[in-house]
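Have a look at the structure below, then the notes.
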Amino acid sequence: MGKQDTEMLKGVLEGVVLAVLAGRPAYGYEITADLRERGFADLAEGTVYAILVRIEQRGLVDVEKVASEKGPPRKVFTLNDDGRAQLAEFWTTWSTLADRLEALREKRK
């Protein structure tokens, strides 16, 4: 992933994490693995954890500590109503931006 890709991704990663959680509750490593399987191969696990801390602090997820076979309990994140509203706003903003960019690209052809 190039520098431009990384910078663009930083601006949308919170929405991406919310989108993963819209599908099912998950803990940090599961989210990172899911995103890597979807082509976000260069995504650092620490980046996902930082986003999870932020969205937890903002009240967008509910958190449950679940016992782990290896090490301390895991924090499992579940998208709540505020998180779903934030995700809906993210997709609206994304669609608007994508439409504007596509119009700009078509104008240049």
Smallest separation among heavy atoms of [X] and [Y], with atom names:
{"X": "Leu87", "Y": "Leu79", "value": "CD2-CD2, 4.2 Å"}
{"X": "Pro25", "Y": "Val76", "value": "CB-CG1, 3.8 Å"}
{"X": "Val48", "Y": "Gly28", "value": "CG1-O, 4.0 Å"}
{"X": "Tyr27", "Y": "Phe77", "value": "CA-CD1, 4.4 Å"}

Interatomic distance, [X] atom [atom1] to [Y] atom [atom2] [nearest 0.5 angstrom]:
{"X": "Arg58", "Y": "Ile55", "atom1": "CZ", "atom2": "CD1", "answer": "8.5 Å"}
{"X": "Gln86", "Y": "Glu14", "atom1": "CD", "atom2": "CD", "answer": "6.0 Å"}
{"X": "Phe40", "Y": "Thr32", "atom1": "CZ", "atom2": "OG1", "answer": "12.0 Å"}
{"X": "Arg74", "Y": "Glu30", "atom1": "CZ", "atom2": "CD", "answer": "7.0 Å"}

Is [Y] reachable from [X] through a run of hydrophobic residues whose side-chain heavy atoms are each under 4.5 Å from the next?
{"X": "Trp94", "Y": "Val20", "value": "yes"}
{"X": "Leu35", "Y": "Trp91", "value": "yes"}
{"X": "Ile31", "Y": "Val53", "value": "no"}
{"X": "Tyr49", "Y": "Val12", "value": "yes"}
{"X": "Tyr29", "Y": "Val63", "value": "yes"}

Less than 4.5 Å apart, side chain to side chain, heavy atoms only: is that true for [X] and [Y]?
{"X": "Glu64", "Y": "Thr78", "answer": "no"}
{"X": "Leu52", "Y": "Lys75", "answer": "no"}
{"X": "Ile51", "Y": "Arg54", "answer": "yes"}

_Under a 3.5 Å distance rule, please check whether Arg84 uses its side chain to pair with a backbone N or O of Ala22 as donor and acceptor._
no
*Side chain of Glu102, backbone of Asp99: donor and acceptor closer than 3.5 Å?*
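Not a single qualifying donor-acceptor pair exists.
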*asked:* More than 12 heavy atoms of other residues, nucleotides or ligands under 6.0 Å from CZ of Arg36: yes or no?
replied: yes
*Candidate pair Leu21 and Leu60, rule side-chain contact (heavy atoms from CB on, under 4.5 Å), full reasoning*: CA-CA 10 Å; Leu21 291 173; Leu60 303 177; over 6 Å; no
